[in-house]
Amino acid sequence: MSNLEKYDAVVIGAGNGGLTAAATLARGGAKTLLLERHNIPGGCATSFVRGDFEFEVALHQLSGLGTEKNPFIMRKIFNELGVMDKVEFVEEHHLYRMTIKDEFDITLPASWKGIREVLIENFPNEEQGIKDFMLLCERVVLESFMGFKAALKMNSADMLMKNSKHYAEHGLRSAKSVLDEHFSDEQLKTLLAAYWCYLGQAPRNINFVDLAMMLYAYGVFKPWHIKGGSQALSNALLESFLEAGGEVQFNAAVDQIITDKSGDKPKVIAIHTEHGDVYETEQVISNASSVVTFVDLLDTDELPEGISQDFKSREIGTSAFCLYIGLDCPPETLGIENASTFMGTTMDEDLMVETMATSKPPVATMLTCYNV
Ligand SMILES: Cc1cc2nc3c(=O)[nH]c(=O)nc-3n(C[C@H](O)[C@H](O)[C@H](O)COP(=O)(O)OP(=O)(O)OC[C@H]3O[C@@H](n4cnc5c(N)ncnc54)[C@H](O)[C@@H]3O)c2cc1C
């Protein structure tokens, strides 16, 4: 079958990114088509059932929502999309527990002040370093949202140094070098770097701003659980899109973004699906990975300006191996009292990463328990 219906925009993929983009476009009045290769919406933000158990696939700590009193970006977006009325969010009160065999077992609360207190209580000799480190996290994060964005817009190095000094000086340093500069206690460094695994690279390979962002965002704006799991959020986003008149097709993988190459630069004119359908559009938003989008889907040989440079600057991170486990006892029976627990037999993150790339038994793992 082949057709040539015209849309203001086509969104490839109904993950949370694609759903949010599609709902925003449709609610803004754009005739929008959303194409998803799976038979349900959500991408990673989904759940599945096996026997008596329903397993959440991904989200255990939604970040970016903030509280009613102290809202963050996502709450604003969800309000605009009418999603806050459709989904119930549950505030989590702990950041994480980290337990390293024969070394330490510490739980950090989901509060910026609380984190400082717990850290100082456990590492009194590092009090000044802890205060300085947390202040630097705060400054780098806030500057990355404000001063850095403004300087980028104006393309001004002077403005960057004036308004985002800490970001400019420390944001792109490795997280490890900033931790090393502030602390001598290896346990403290390991505890504070735990979120590295969400980024797939060891602390020496991640930018300080990315670690600071996670600590600050979760500490100040809290981690959230979604009642009904992330599938409930994905369903609500889809509903918001459909209510605004958006059209969706499942089991409809896009296999080509078609361009007109007759001008100076190729221009998107249509997309093609695995079923042979063609939809005319000049605007495509792809929720597929950037590599798939530019290398597999786009029908041009040359990558757009900036994209090849961007690809060269990145390194593929390590992948986690996920086990979905159904228990025949309450979690407390096994000592599981926190929603998120990092566990390890070493504090050497490079060894953790190295082992993750092999079939050797893991030296570190993360346990997330949705029941808690
Ligand atoms: C185990 C795990 C735990 C996580 N925990 C958290 C957490 O606690 N907190 C947090 O904030 N984040 C967490 N994340 C991350 C979060 O789930 C993801 O960042 C987010 O869901 C990604 O959304 P996305 O829309 O960018 O991509 P995806 O969810 O990957 O969506 C991409 C969509 O595009 C579709 N697609 C791809 N190619 C095509 C094509 N050619 N045609 C049509 N459709 C296509 C895919 O089927 C998919 O539906 C976790 C992720 C995982 C895997």
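As the structure lists them, so they are numbered: ligands from 1, and atoms in each ligand from 1. Side chains included, hydrogens not; waters and symmetry mates left out as well; all remaining heavy atoms used. Please read all numbers here as calculations on a predicted model, not as lab measurements.
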Which residue holds the protein heavy atom closest to [atom], what is that atom called, and what is the gap in Å?
atom: atom 26 (O) of ligand 1; value: N287 ND2, 3.5 Å
atom: atom 34 (O) of ligand 1; value: G13 CA, 3.3 Å
atom: atom 50 (C) of ligand 1; value: A58 CB, 3.6 Å
atom: atom 18 (C) of ligand 1; value: C44 CB, 4.4 Å
atom: atom 31 (O) of ligand 1; value: G15 CA, 3.3 Å

*Using the side chain to side chain donor-acceptor pair (under 3.5 Å) rule, take E247 and Y279 through it: C-alpha gap first, then chi angles, then the decisive distance, then the call.*
CA-CA 12 Å; E247 291 172 49; Y279 299 99; over 6 Å; no
Subset of ligand 1 atoms that lie under 4.0 Å from at least one heavy atom of [X]:
X: G43; result: 29 (O), 31 (O), 48 (C), 49 (O)
X: N16; result: 25 (O)
X: L35; result: 43 (C), 44 (N)

Enumerate donor-acceptor pairs with a distance under 3.5 Å from any side-chain N or O in residues 360-372 to protein atoms, sequence neighbours excluded.
{"unit_1": "T368", "atom_1": "OG1", "unit_2": "A339", "atom_2": "O", "d": "3.3"}
{"unit_1": "Y370", "atom_1": "OH", "unit_2": "A58", "atom_2": "O", "d": "2.7"}

_Least distance between heavy atoms, R27 atom then S240 atom_ = NH1-OG, 3.1 Å
*Closest heavy-atom contact between N235 and P41?*
OD1-CG, 3.8 Å
*Looking at NZ of K222 and OG of S63, how far apart are the two atoms once the value is rounded to the nearest 0.5 Å?*
14.0 Å
Tell me whether [atom] lies less than 4.0 Å from at least one protein heavy-atom position.
atom: atom 43 (C) of ligand 1; answer: yes
atom: atom 22 (C) of ligand 1; answer: no
atom: atom 29 (O) of ligand 1; answer: yes

Mind checking whether [X] has an N or O less than 3.5 Å away from an N or O of ligand 1?
X: A288; result: no
X: E36; result: yes
X: G17; result: yes
X: I12; result: no

*Is D180 paired with K176 through a side-chain N to carboxylate O contact shorter than 4.0 Å?*
yes
_If the threshold is 4.0 Å, N to carboxylate O, is there a salt bridge linking E181 and R173?_
yes
*Name the orientation class of the two ring planes belonging to F89 and F78 (parallel below 30°, tilted from 30 to 60°, perpendicular beyond 60°).*
parallel
_Pairing residues for R50 by the side chain to side chain donor-acceptor pair (under 3.5 Å) criterion, not counting sequence neighbours_ = none
*For ligand 1, indicate whether the residue V57 contacts it via side chain, backbone, both or neither (heavy-atom separation under 4.0 Å).*
backbone
*asked:* Below a 4.0 angstrom heavy-atom separation, can you tell me which part of T368, side chain or backbone, both or neither, approaches ligand 1?
replied: neither
*Does even one non-hydrogen atom of V292 get within less than 4.0 Å of ligand 1?*
no
*Would you please determine whether Y218 falls within less than 4.0 Å of ligand 1 on a heavy-atom basis?*
yes
*With distance as the sole test, does N287 use its side chain to make a donor-acceptor pair with the main-chain N or O of G15 at under 3.5 Å?*
yes
*Taking the six-membered ring for Trp, are the ring centroids of F183 and F123 within less than 6.0 Å of each other?*
no
*Verify whether the ring centers belonging to H60 and Y198 lie closer than 6.0 Å.*
yes
*Out of M74, H38, Q61, who gets a non-hydrogen atom closest to atom 8 (O) of ligand 1?*
Q61
_Option nearest atom 10 (C) of ligand 1 (shortest heavy-atom distance, choices L65, L59, V254)_ = L59
_Verdict with supporting geometry, D260 and S262, side chain to side chain donor-acceptor pair (under 3.5 Å)_ = CA-CA 6 Å; D260 171 5; S262 59; 2.8 Å; yes
